[in-house]
Amino acid sequence: MADTKLADTQQPAASQAKPQEPAADKAAGSAATANAKAPAQASTQRATQHRDHVPVFSLEVFPPKRNAAVGTIYDTLDGLQGVDPDFISVTYGTGKQSDRTATARICNTIRQEYDIPVIAHLTAQYLDEQGAAEALEMFEQAKVRGVLALRGDAVPGREPAGVFDHASDLVAFIRRTHPDLTIYGACYPEGHPQSVSLKQDVENLRTKVDAGVSHLISQLFYDNADFLNFVQMARAEGIDVPIEAGIMPVMNVGQVRRMGKLCGARIPHTLDRMLDKWQDDPRSLRAAGIVYASQQISDLVAQGVQGVHLYTMNHPGITRRIWQNVGDLFEVKEQTA
Ligand code: FAD
């Protein structure tokens with residue numbers, strides 16, 4: 001997902017007081033020490049009992065902004081009760097204001113207090129090798145299941161470190177320094193906005209996978225045909241790792257139009273009509289958005305995708321309603337010998 005979402009869609013600070021993460025846990029390198037509150041949710045059955053099933057269902061959350069109450073993440077995580085993901089991934093902020101330790105701390109909270117496996121995102125273009133090594137050390141302490149290795153987006157006024165020019169450089173670094181860590185990568189069903197063509201982007205993706213990626217998660221898209229076409233192209237290029245489809249529920253008109261511009265996500269006719277009809281009626285648009293995302297997911301599962309990654313945007317209510325619609329499609333069937 002484009003980094004801008006980290007800034008644009010942050011929920012306001014929670015009105016009620018929530019348990020704070022302990023002060024000691026805020027320091028870099030102490031990510032594995034948090035234990036502020038008793039587990040709110042039993043361990044996810046899918047994740048702990050069946051490691052190798054398909055389709056996978058996972059969620060993405062992002063750390064609260066620096067000036068937001070840190071406890072808002074508990075609103076999100078508590079609100080996800082009843083949803084049964086294989087793992088939750090936690091984004092990494094690239095902006096100047098971003099807290100370098102937030103991703104590791106939240107990963108640790110999710111794993112330790114909610115007993116759900118976690119994936120940490122890491123963007124690398126502003127890091128040197130020492131910075132990347134420190135981040136990976138924090139993730140190791142937080143006992144993450146894997147790292148989503150990213151280049152990241154350019155931040156105006158910030159000069160890249162010039163060490164990790166592409167995500168594949170970070171992938172190779174992790175493979176060399178942490179051979180046991182599972183490495184995830186991002187992919188773009190409609191092509192990355194900076195690539196000349198989808199074909200070229202898929203060729204670059206092959207380089208990234210060859211460097212050591214074992215699982216891909218896609219950018220959001222609104223037309224399943226784009227994702228299915230992309231998967232075919234990736235397979236033809238020799239990319240044979242699992243590819244999870246990234247789904248972002250429609251929450252408001254501005255969000256969809258912005259994502260269209262930022263990520264190049266095409267807005268199909270049906271979605272365009274929804275946006276027009278309910279542009280001044282947020283409640284109806286949100287309800288239609290839940291149906292739209294649920295239908296996308298149901299169709300993708302019917303088409304045999306290997307996984308669905310839901311961008312929660314830290315809106316647990318919407319995530320829960322989608323899970324109520326599609327959760328049964330992810331039920332893990334008993335393995336027969
Ligand atoms: P790359 O894989 O490096 O690709 C970027 C561009 O370079 C592409 O056009 C590609 O074709 C080209 N390229 C790649 N390798 C080569 C090569 N060897 N030679 C020439 N060209 C090459 N951003 C955040 O800031 N924080 C997050 O937590 C975050 N999470 C994300 C999660 C997902 C699932 C996705 C899809 C995106 C996420 N993003 C996040 C956004 C991401 O950082 C941007 O999309 C960024 O512009 C590209 O990152 P990348 O890792 O895909 O880059």
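When reading the values below, keep in mind they use all heavy atoms of this one structure, side chains included, and skip hydrogens, waters and symmetry mates. Keep in mind that this is a model prediction, so the values were computed, not measured. Just follow the structure's listing: the first ligand is 1, and inside any ligand the first atom is 1.
Some N or O of Lys208 is nearer than 3.5 Å to an N or O of ligand 1, by distance alone. Some N or O of Ala167 is nearer than 3.5 Å to an N or O of ligand 1, by distance alone. For ligand 1, the polar-atom distance check against Gln219 finds no nitrogen or oxygen pair separated by under 3.5 Å. For a threshold of 3.5 Å applied to N or O pairs, the pair formed by Asp201 and ligand 1 contains at least one separation below that value. Considering both main-chain and side-chain atoms, Asn204 comes within under 3.5 Å of ligand 1 through a nitrogen or oxygen pair. For ligand 1, the polar-atom distance check against Asp165 finds no nitrogen or oxygen pair separated by under 3.5 Å.
Near Thr94, with a cut-off below 4.0 Å to any heavy atom, the atoms of ligand 1 are 25 (O). Residue contact check: Ser195 has heavy atoms under 4.0 Å from atoms 9 (O), 11 (O) of ligand 1. Near Thr91, with a cut-off below 4.0 Å to any heavy atom, the atoms of ligand 1 are 28 (O). The contact set between ligand 1 and Gly152, taken as ligand atoms under 4.0 Å from a residue heavy atom, comprises 43 (O), 46 (C), 47 (O), 49 (O).
When His166, His309, Arg206, His192 are ranked by how near their heavy atoms come to atom 20 (C) of ligand 1, first place goes to His166. When Phe164, Tyr188, Tyr311 are ranked by how near their heavy atoms come to atom 45 (O) of ligand 1, first place goes to Tyr188.
The aromatic rings of Trp323 and Phe330 sit parallel to each other, their planes meeting at less than 30°, with 60° as the upper class boundary.
Using a 4.0 angstrom heavy-atom cutoff, Gly246 does not count as in contact with ligand 1. Residue contacts with ligand 1 leave out Tyr184, since none of its heavy atoms falls under 4.0 Å from the ligand. Distances shorter than 4.0 angstrom do not occur between any heavy atom of Phe62 and any atom of ligand 1.
Only side-chain heavy atoms of Thr123 come within less than 4.0 Å of ligand 1; its backbone N, CA, C and O stay farther off. Only side-chain heavy atoms of Leu148 come within less than 4.0 Å of ligand 1; its backbone N, CA, C and O stay farther off. Residue contacts with ligand 1, taken as heavy atom pairs separated by less than 4.0 Å, involve His121 solely via side-chain atoms from C-beta onward.
Between Asp210 and Arg206 there is a salt bridge, with a side-chain nitrogen of the basic residue lying less than 4.0 Å from a carboxylate oxygen of the acidic one. Salt-bridge annotation for Asp272 and Arg257: present, with a side-chain N of the basic residue lying under 4.0 Å from a carboxylate O of the acidic one. One finds a salt bridge joining Asp226 and Arg266 here, because a Lys/Arg side-chain nitrogen approaches an Asp/Glu carboxylate oxygen to under 4.0 Å. Using a 4.0 Å cut-off between a side-chain N of Lys or Arg and a carboxylate O of Asp or Glu, Asp99 and Arg105 qualify as a salt bridge. Under 4.0 Å is where a charged nitrogen must lie from a carboxylate oxygen, and between Lys208 and Glu203 no such pair does.
In this view, Ser284 and Trp278, Asp281 satisfy the side-chain contact (heavy atoms from CB on, under 4.5 Å) rule, not counting sequence neighbours.
Aromatic ring centroids of Phe164 and His166 lie 6.0 Å or more apart.
Sorted by first and then second residue, the ring pair (Phe, Tyr, Trp, His ring centres under 6.0 Å) pairs with a member in residues 222-242 read Phe221-Phe227; sequence neighbours excluded.
Side-chain atoms of Val56 and Val308, non-hydrogen and from C-beta on, never get closer than 4.5 Å to each other.
Of the N and O atoms on the side chains of Thr123 and Thr94, at least one donor lies less than 3.5 Å from an acceptor on the other residue.
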